Amino acid sequence: MEAPIAFVTGAEGFIGSHLTSSLIRAGYRVRALVQYNSFQSIGWLKQLSKEEMQAVEVVWGDIRDAARMREAVKSVSQIFHLAALVSIPYSYQAAQSFVDVNVSGTLNVLEAAKHAHISRTLIISTSEVYGTAQYVPIDEAHPLQPQSPYSASKIGGESLALAYYRSYGLPLTVVRPFNNFGPRQSTRAIIPTIITQLLNGAKELVLGDLRPTRDFVFVEDTAAALLTIAQCDELIGEVVNIASGRDISMGELARLLIEKIQPGVPIKQDPERIRPSASEVFRLCGDATKLDKTTGWKPDFSLSKGLDVCIDWYRKPENLTLFPQGYFV
């Protein structure tokens, strides 16, 4: 019996590369959509082993290209749509790009899935769609609050997906992961930012606002959740969170990492790193009860255990060379 083929958009990225490995371990072949570039870089897929890459078919393309999406999904059984523009600060400067990729690009994936009669599609959204919590923990019924062009574009993509389920019966699930962390994450994200500053011997830790809280989920737990959601028919047509149910402030997170890496380092706030007050999401703490009840998923990694894995990974000089020069904060 031939292995099923999963189509992963954004496969070269942080979460996409971990998901690709998880799918291969689960017995899938992966058709990995990688955005075409003149360097022929396959991003973080280069971290997969030779054995894993034997189960990967790299497809060059762009989700903004509708015809390419129709061609790319032929003969696949499931779609995991992760490709997106994700930088909140950049979305303030380039809102049109976020609409083109996160809304129109998602529309192209949905159209391709409908045309090819794909048995299951997962549209990966974000907890940023909730905005600052009106109550905690945040369940899937929490109001949506677009507090940045990025979050607005993800709400738009979600809305299209649910419309395709209700209008055409397209079997899909909208997934809202809370804050992912783990090896390979951009050094501009908060956890790698803190770790790399401390590992580089910083005399003071330079950060933005220390008050916001986030619910962190280790990337391998997120990948495991995506696989189990894709097998759960009860979640077709539904929205579902991936969350730990615990949040931590940026200040507490910084102090935890300081204690693990370089005790005693003071924290300095940089006003240029602080988001506009009406745009800042001050609290995110997710409720994954729905996911637990339908699939039995629970995270395997505590925050502390996941942070230890990250510290070990970013401590290796050969891993830091994989990021573009000048990419550290």
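Positions are given from 1, in the same order as the sequence printed here. From a predicted model like this one, the values you see are computed outputs, not experimental measurements.
With sequence neighbours excluded, the residues forming a side-chain contact (heavy atoms from CB on, under 4.5 Å) with R31 are I5, F7, E57, V59, S75, V76, listed by chain and number. In this structure, the side-chain contact (heavy atoms from CB on, under 4.5 Å) partners of S151, at least two apart in sequence or on a different chain, are E128, P146, S148. Applying the side-chain contact (heavy atoms from CB on, under 4.5 Å) test to D247 and every residue at least two apart in sequence or in another chain returns T213, R283, C285.
Residue L19 is grouped with residue I124 when hydrophobic side chains (ILVMFWY) are merged at heavy-atom distances under 4.5 angstrom, including chains of intermediate members. Residues V219 and V240 are members of one and the same hydrophobic cluster, defined by side-chain heavy-atom contacts under 4.5 angstrom among Ile, Leu, Val, Met, Phe, Trp and Tyr. Residues V309 and L320 are members of one and the same hydrophobic cluster, defined by side-chain heavy-atom contacts under 4.5 angstrom among Ile, Leu, Val, Met, Phe, Trp and Tyr. Following chains of ILVMFWY side-chain contacts shorter than 4.5 Å, one can reach L207 starting from V265, so the two form part of one hydrophobic cluster. In the hydrophobic cluster analysis, where Ile, Leu, Val, Met, Phe, Trp and Tyr join through side-chain heavy atoms closer than 4.5 angstrom, L48 is grouped together with L227.
A donor-acceptor pair shorter than 3.5 Å cannot be found between the side chains of S127 and R214. Counting only N and O atoms by type, the side chains of H81 and T106 include a donor and acceptor under 3.5 Å apart.
Here the rule is side chain to side chain contact (heavy atoms under 4.5 Å, CB included) with I63, and of N102, N108, V109 only V109 fits it. In summary, of the residues considered (E140, E158, H142), a side chain to side chain donor-acceptor pair (under 3.5 Å) with R176 occurs for E158 alone. Of the options F181, W313, F178, a ring-ring contact (aromatic ring centres under 6.0 Å, His included) to F218 is made by F181 and by none of the others.
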Determine, step by step, whether E111 and R70 satisfy the salt bridge (Lys or Arg N to Asp or Glu O under 4.0 Å) criterion, reporting the C-alpha distance in whole Å, the side-chain angles of both residues, the deciding distance to 0.1 Å, and the verdict.
CA-CA 8 Å; E111 271 291 315; R70 284 201 179 197; 3.7 Å; yes
Check the pair T321 / E318 against side chain to side chain donor-acceptor pair (under 3.5 Å), numbers first and verdict last.
CA-CA 5 Å; T321 65; E318 62 269 28; over 6 Å; no
Verify side-chain contact (heavy atoms from CB on, under 4.5 Å) between R120 and D233, making sure each step is shown before the conclusion.
CA-CA 9 Å; R120 192 65 182 278; D233 289 346; 4.2 Å; yes
Step-by-step side-chain contact (heavy atoms from CB on, under 4.5 Å) determination, I79 to L122
CA-CA 6 Å; I79 295 174; L122 266 61; over 6 Å; no
Can you list the steps and then say if L110 with L172 is a side-chain contact (heavy atoms from CB on, under 4.5 Å)?
CA-CA 9 Å; L110 293 166; L172 58 79; 3.8 Å; yes
Let's go through E204 and Q197 carefully: what are the C-alpha distance in whole Å and the side-chain angles of both, what is the deciding distance for side chain to side chain donor-acceptor pair (under 3.5 Å) to 0.1 Å, and is it a yes or a no?
CA-CA 9 Å; E204 58 183 12; Q197 284 189 59; over 6 Å; no
Derivation of the side chain to side chain donor-acceptor pair (under 3.5 Å) call for Y135 and D287:
CA-CA 11 Å; Y135 59 84; D287 184 342; over 6 Å; no
For E234 and T294, run side chain to side chain donor-acceptor pair (under 3.5 Å): C-alpha distance rounded to whole Å, both residues' side-chain angles, the deciding distance at 0.1 Å, then the answer.
CA-CA 7 Å; E234 194 175 340; T294 52; 5.8 Å; no
Which is it for E12 and Q35 under the side-chain contact (heavy atoms from CB on, under 4.5 Å) test, yes or no, and what are the steps along the way?
CA-CA 8 Å; E12 77 273 35; Q35 187 170 24; 3.9 Å; yes
Could you please spell out the steps behind the salt bridge (Lys or Arg N to Asp or Glu O under 4.0 Å) verdict for D292 and K298?
CA-CA 7 Å; D292 180 14; K298 286 183 173 61; 2.9 Å; yes
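A donor-acceptor contact shorter than 3.5 Å links the side chain of N37 to the backbone of F39. A donor-acceptor pair under 3.5 Å links the side-chain atoms of T9 to the main chain of L82, judged by distance alone. Side-chain atoms of T228 never come within 3.5 Å of backbone atoms of A225 as a donor-acceptor pair (strictly under, hydrogens ignored). A donor-acceptor pair is defined here as one N or O able to donate and one able to accept, closer than 3.5 Å; no such pair exists between the side chain of N319 and the backbone of Y314. Remark: side-chain polar atoms of S77 are not paired, donor with acceptor, to backbone N or O of P4 under 3.5 angstrom. With R246 contributing its side chain and L303 its backbone, the two residues share no donor-acceptor pair below 3.5 Å. Put simply, the side chain of Q145 gets close to the backbone of Y130: a donor and an acceptor are under 3.5 Å apart. For Q185 (side chain) and P192 (main-chain N/O), no donor-acceptor pair under 3.5 Å exists by modelled atom type. Judged purely by atom type and a 3.5 angstrom limit, W297 uses its side chain to pair as donor or acceptor with the backbone of D221. At distances below 3.5 Å, not a single donor-acceptor pair connects side-chain atoms of N241 with backbone N or O atoms of A243.
Remark: K316 NZ is loosely packed, at most 12 non-hydrogen atoms of other residues, nucleotides or ligands lying under 6.0 Å away.
Inter-residue side-chain proximity for I229 and I242 is flagged as met; some heavy-atom pair is nearer than 4.5 Å. Looking at L162 and V239, their side chains come closer than 4.5 Å, going by heavy atoms from C-beta outward. Using a 4.5 Å heavy-atom threshold, the side chains of V58 and M53 count as touching. Side-chain atoms of Y150 and T126, non-hydrogen and from C-beta on, do get closer than 4.5 Å to each other. Side-chain contact between I190 and N179 is absent, with no heavy atoms from C-beta onward closer than 4.5 Å. Taking 4.5 Å as the limit, some side-chain heavy atom of Q231 sits within range of a side-chain heavy atom of Q78.
Between W44 and F323, the ring centre distance stays below 6.0 Å.
The distance from atom CD1 of I258 to atom CG of L256, rounded to the nearest 0.5 Å, is 9.5 Å. For the atom pair NZ of K154 and CG of L85, the computed distance is 9.5 Å after rounding to the nearest 0.5 Å. Atom CG of residue L322 and atom CD of residue Q47 lie 5.0 Å apart, to the nearest 0.5 angstrom. To the nearest 0.5 angstrom, L257 atom CG is 6.5 Å from I191 atom CD1. Going from atom OG1 of T121 over to atom OH of Y165 covers 13.5 Å, rounded to the nearest 0.5 Å. Note that CZ of F98 is 5.5 Å distant from OG of S87, once rounded to the nearest 0.5 Å.
Shown here for A3 and G27, the closest heavy-atom pair between the two residues is CB-O, 3.3 Å. Nearest heavy-atom pair, F14 versus S17, reported as atom, atom and distance to 0.1 Å: O-OG, 3.1 Å. The nearest pair of heavy atoms linking I123 to A161 is CG1-CB, 3.8 Å. Closest heavy-atom contact between A133 and I138: CB-CD1, 3.7 Å.
In this structure, K290 pairs ionically with E238, as a charged nitrogen and a carboxylate oxygen lie closer than 4.0 Å. Under 4.0 Å is where a charged nitrogen must lie from a carboxylate oxygen, and between D308 and K260 at least one such pair does.
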